[in-house]
Amino acid sequence: MLDKQYDAKKYEDGIYKMWEESGAFKADVNSEKEAFTISMPPPNATGTLHLGHAVMLALEDIMIRHRRMKGYEALYLPGTDHAAIATENVVIRKIKEEKKIKDPRTLGREAVIQEIKDFVANSQNTIRSQVRKMGTSCDWSRERYTMDEMLNRCVNEVFVKMYKDGLIYRGHRIVNWDPNLKTNVSDDEMDYVEKKDSFYWFKYGPFTIGTVRPETKFGDKYVVVHPDDERYQQYEHGETFECEWINGPITATIIKDKAADPEFGTGAMTITPWHSAVDFEIAERHNLDKEQIIDLEGNLLSVADEFAGMPITEAREKIVEKLDKKGLLVKVEENYVHKVAINSRGKGMIEPQIREQWFIDVNKKVVQWKGVTRSLKEVMQEVVRSEEIKILPERFDKIYFNWIDNLRDWCISRQIWWGHQIPVWYKTEGDSTDMHVGVQAPEGEGWERDPDTLDTWFSSGSWTWSTLIDPNLADDYSLSLEDMLENSPDFQKFHPTQVLETGYDILFFWVARMILMTTYTVGTIPFDTVYLHGLIRTREGKKMSKSDPKTCIDPLEVIEKYGADALRMSMVIGSSPGNDSRLYDEKIKGYRNFTNKLWNASRFVLGIFEENGIAEAPKLDLKNLSDADQWILDKLNKVVVETDNSLMEYKIGEAGQLLYDFVWNEFCDWYLELSKGEKQNLGVLYHCLKTILILLHPITPFVTEQIWSQLPGAEGMLIQADFPTPLEGQFDGSAVELTIGIVSAIRSMRAENQIEAAQKIPVTIFAYDHFETVDRNKPDIIRLARLSALSLYGTDEEKKLSGAAADVVNGMEIYIPLEGLVDTEKEKERLQKEIANLTKYIAGLTGKLSNKKFVQNAPEAIVEAEKNKLEEAEEKLGKMEEQLKNL
RNA sequence: GGGCGCUUAGCUCAGUUGGUUAGAGCGUCUGGUUUACACCCAGAAGGUCAUAGGUUCGACUCCUAUAGCGCCCACCA
């Protein structure tokens, strides 16, 4: 027999093992069934599972299990990401700490990469076991890693293809350089933090210019003003003047450009094109010189003369001091608040630098899409605009388009070691340098590979399809990319994928890049639907940060305490796509209570089967059904349909809520209670429990599977059961609706009246003795159930027997006081309110029916139904007015 | 500066073609050891659906404005 309380810990690991070993997660590429594929967004192979992963895994697993049970060939492909900068950063820091090596890069590329590989292998194992803990039913036999040989091959193939199409180019551009990590980062990887600094005003010839960064000003020889700025009307564009500057006299040139903001300070500024993106653009526009002031380590170069070699942080004060001595310092504003750019990985300050980098041209029109030659940007827009790809929630369409509109060329090279090395080789002989761009290294001596690696999103952008190519083809270079796709059954069967489920925070990083890479390379969309989940926040609505264990909930601890099912439910119910949700202990506990409720209801039902010696599934006889049976089957049919619809539309939370309510408030609270003391219909009980287990299985896979294993006659594992369809036939639940109405009414009566009242009602009421203990201060009216139920229920004699309640008329909801049990004044008040409401309702209905648009457009049956409703309501109103008079 | 949201019970949140009396969980209060479950059962209180206009027979829902909160992007010499 089952324990009195469900102890998730006791069962979950064993169940997972059983599923995995049975092969239930494995998708069959030769299956005739329609494919349904989800590529798991690969967690970074750097650490441990956090709540973001947990919500992702819960949602995806629900979708997959549902489709698998519905008879799709469901593939849920797991994997991990090498997370270039993030991982290298972590390992470099680790080496520093553990081996006390100041600059681990002195160990050399090979050694550092080996360290990273070891670290990654270790993290991957952690991640794998944690993904299992969530109950994730992914196909481990197809697990991939962004650094797999095949994925590396794909990366190279895409790079070469793009290069040949002229989409990849190399150029000198200003990049976001991180002197700490010694790499550049993409625009999207930057964060801005507020900082207080001093703001200095210096004399610059006849101008006064402001800056927070005097240390960059050595090479400034252009002063920019707005062309319409009246203060500087007397100067011509291109005019030069001599002036004294940090290290002596210079010749400065006046530039008129709209980039200068006349509202800001004096309206005049000097520019440092090498170290500022805006200044760089101004310089490009006017063909100005660009000079490097700061090296890649963050130290001043020889242009700084006496300050050369000094770290910028140190130099600032000394430069100001010098300028002050020269009488060029006008004033200093303390505590000037501005924002500075930092690298979101590693939090190092960003120092813009001009560097030679590889870029993807997003505007060049060379991509064939639907018979039109378009740019990458245009294809990205087109697939979403045409709804080939649907984004949930829809409003993210706008955000997506807005981002694309502002998209600039994508800088894909990174100066780090960990990642896919750029497939470009150089050979220098004398003055000339040969360049080879290819999937493989060129033949011959003297070639050196580009040391840079690719942005991590370049490889994960190909995730949906590169993971489906047969890995055995990786070193067969006689095959082109097209050949490989064609010769990979998995790709043929499972691509495009159906859903890409991920957090909205990586819509641009990743989702957009996948669309770009896949449409370009494969010629299809990567997925039909993008489901974006929100952030999980604390109870107070704050972001959970890893560094603060007080605010941060660890999914593994939750699983340990309440079970994976409870965690899954708590992350899915009460949240909708795109919206952040809050998670806290009581919430999870509430859903743990639900798993226990289900457990105990099952225990009760299984106990009944045991008493009746049931070893096989009892037959469901739809001919002899009690009122309660009819009612629950009617409800169950509706729940089956609605759950399925909600899940098909990816309204996961809605499905969860529906099932929660049905199981607890209908199946347990009414059906099981009513069945006590009655002769139970074993067939119906069995059918209900079985259906409930199947319906709930996608959401709470463990507890349902465990109960399933105890269900007599249940074949195989629940994970492989068929999703239910509604039973044929109509079930009339009105009798129980009435019962519920009456019971509720009686329950809310004064205790001493309850038994008397109950006895007057000819309905099966399950336990009279409950009524003795109800609160004594309750309103003393009997609220009878809906008339629609009454009219259908019971014999005439029974209706008569209901004594004071006999005033029940067809088709109306009615409230009747039981003689002597009721407070006349209160009843009057209530009736008046009812009449007011009803009047309003009638007005509404009348309006609706007089609305031409409604009458013309709505299906006839609905219009007819509305007319009937109106008639009923008018009749009822009459009765109530009559009743009020009689009081 | 450009864009996107949110505001519903004490708290956390659901709520789509506009339609009867706006729902749930938690919390609070009342009563209950009822053999499936105290991780439970029965009940109660609690709402001008942010505010003001508009459209409509009818608005939580559609439109406009305002306020507060938040997010994304750009910029900050």
Side-chain angles (χ1 to χ4, degrees), chain A residues 2 4-6 187-188 192 199 209-213 216-217 220 224 259-261 264-272 276-279 337-340 393 395-396 398-399 401-403 405-406 504-505 507-508 535 539 541 562 566 573-576 578-584 586-587 589-608 653-654 657 660-661 665 668-669 672-673 676 744 747-748 751 767 769-779 813 833-834 836-838 840-851 854 857-858 866 869 873:
Chain A
L2 300 172
K4 198 167 172 178
Q5 282 189 357
Y6 174 62
D187 294 343
D188 301 312
Y192 292 88
F199 194 90
I209 56 124
T211 183
V212 275
R213 305 201 53 194
T216 64
K217 296 281 155 198
D220 288 14
V224 182
D261 178 6
F264 190 94
T266 60
M269 64 177 182
T270 59
I271 57 169
T272 315
S276 154
V278 176
D279 295 359
V337 179
H338 65 141
K339 282 184 191 161
V340 293
R395 74 183 133 88
F396 275 87
K398 291 179 194 161
I399 299 174
F401 289 129
N402 186 249
W403 179 79
D405 289 343
N406 297 313
Y504 64 71
D505 50 333
L507 177 63
F508 309 137
L535 247 53
R539 197 190 173 109
Y562 297 122
I573 295 181
S575 72
S576 49
N579 293 328
D580 294 351
S581 64
R582 306 184 187 200
L583 189 71
Y584 40 87
E586 302 99 285
K587 194 167 176 179
K589 204 191 264 175
Y591 292 112
R592 186 275 315 267
N593 293 353
F594 175 78
T595 59
N596 190 55
K597 184 76 183 174
L598 175 71
W599 179 258
N600 273 294
S602 306
R603 221 156 62 89
F604 178 64
V605 175
L606 293 173
I608 294 168
E654 227 167 75
Q657 186 70 53
Y660 180 101
D661 291 341
N665 302 331
C668 292
D669 287 352
L672 290 186
E673 291 300 338
K676 288 175 181 172
S744 309
R747 275 174 183 164
S748 62
D769 54 350
H770 288 194
F771 305 132
E772 288 173 295
T773 50
V774 169
D775 178 18
R776 271 140 223 282
N777 307 314
K778 287 293 159 297
E813 185 170 343
K833 203 177 147 200
E834 288 295 330
N837 285 332
L838 200 57
K840 219 167 110 187
Y841 174 50
I842 288 170
L845 274 178
T846 314
K848 192 178 187 180
L849 286 167
S850 63
N851 184 342
F854 172 74
N857 298 334
E866 296 291 316
K869 275 192 209 163

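In this text the structure is predicted, and so the values were computed from the model without any measurement.
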Regarding [X], tell me which of base, sugar-phosphate or nothing describes its non-hydrogen contacts under 4.0 Å with the strands shown.
X: A/V224; result: nothing
X: A/Q5; result: base
X: A/G210; result: sugar-phosphate
X: A/S576; result: sugar-phosphate
X: A/I399; result: sugar-phosphate
X: A/V278; result: sugar-phosphate

How about A/N593 and A/Y6: does a side-chain donor come under 3.5 Å of a side-chain acceptor?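 No, no side-chain donor-acceptor contact under 3.5 Å.
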
Kindly point out which of [options] is positioned nearest to the side chain of [X]?
X: A/R603; options: B/A77, B/A36, B/G15; result: B/A36
X: A/R395; options: B/C37, B/U12, B/G5; result: B/G5
X: A/D661; options: B/A24, B/C40, B/A36; result: B/A24
X: A/K597; options: B/C37, B/G25, B/A24; result: B/C37

Atom CG of A/N579 and atom CZ of A/R395: how far apart are they, to the nearest 0.5 Å?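 Those atoms lie 5.0 Å apart.
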
Look at the side-chain N and O atoms of [X] and state whether any lies under 4.0 Å from the OP1 or OP2 oxygen of [N].
X: A/K4; N: B/C37; answer: yes
X: A/T270; N: B/A77; answer: no
X: A/R582; N: B/U12; answer: yes

Could you pull out the closest heavy-atom pair between [X] and [Y], with the gap in Å?
X: A/T270; Y: A/D220; value: OG1-OD2, 2.7 Å
X: A/Y562; Y: A/K589; value: OH-CE, 3.5 Å
X: A/V212; Y: A/F199; value: CG1-CD1, 3.5 Å

Base partner of [N], which must satisfy Watson-Crick or wobble distances under 3.5 Å:
N: B/C62; value: B/G54
N: B/G70; value: B/C4
N: B/A24; value: B/U12
N: B/A42; value: B/U30

Using the [atom1] atom as the point on both nucleotides, what is the distance between [M] and [N], in whole Å?
N: B/U33; M: B/C69; atom1: C1'; value: 47 Å
N: B/G27; M: B/A65; atom1: C1'; value: 37 Å
N: B/A9; M: B/A24; atom1: P; value: 14 Å
N: B/G15; M: B/G25; atom1: C1'; value: 15 Å
N: B/C40; M: B/G3; atom1: P; value: 50 Å
N: B/U17; M: B/C63; atom1: P; value: 15 Å
N: B/U61; M: B/C6; atom1: C1'; value: 15 Å
N: B/U35; M: B/A14; atom1: P; value: 39 Å

Atom-to-atom span, [atom1] of [X] to [atom2] of [N] - whole angstrom:
X: A/N402; N: B/C72; atom1: CG; atom2: P; value: 13 Å
X: A/D669; N: B/G32; atom1: CG; atom2: C1'; value: 15 Å
X: A/D405; N: B/C73; atom1: CG; atom2: P; value: 15 Å
X: A/N600; N: B/C40; atom1: CG; atom2: P; value: 10 Å
X: A/L583; N: B/G25; atom1: CG; atom2: P; value: 19 Å
X: A/Y504; N: B/C4; atom1: OH; atom2: P; value: 17 Å
X: A/I573; N: B/A14; atom1: CD1; atom2: C1'; value: 11 Å
X: A/N596; N: B/C39; atom1: CG; atom2: C1'; value: 5 Å

Is there a donor on the side chain of A/K398 or the base of B/C4 sitting less than 3.5 Å from an acceptor on the other?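 Such a pair does not exist between side chain and base.
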
Can a donor-acceptor pair under 3.5 Å be found between the side-chain atoms of A/R592 and the base atoms of B/C39?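 Side chain to base: pair found, below 3.5 Å.
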
So which one's nearest nucleotide on RNA chain B is more toward 5', A/Y660 or A/K587?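 Comparing both residues, the 5'-ward one is A/K587.
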
When you match A/L672 and A/E586 each to their closest nucleotide on RNA chain B, which lands nearer the 5' end?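 Final value for this comparison: A/E586.
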
pair A/F508-A/I399: side-chain heavy atoms closer than 4.5 Å: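 Yes, at least one pair of side-chain atoms sits under 4.5 Å.
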
Is there side-chain contact between A/L672 and A/V605, with at least one heavy-atom pair below 4.5 Å?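 With C-beta onward as the side chain, the pair touches.
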
Determine, step by step, whether A/Y591 and A/N596 satisfy the side chain to side chain donor-acceptor pair (under 3.5 Å) criterion, reporting the C-alpha distance in whole Å, the side-chain angles of both residues, the deciding distance to 0.1 Å, and the verdict. CA-CA 9 Å; A/Y591 292 112; A/N596 190 55; over 6 Å; no

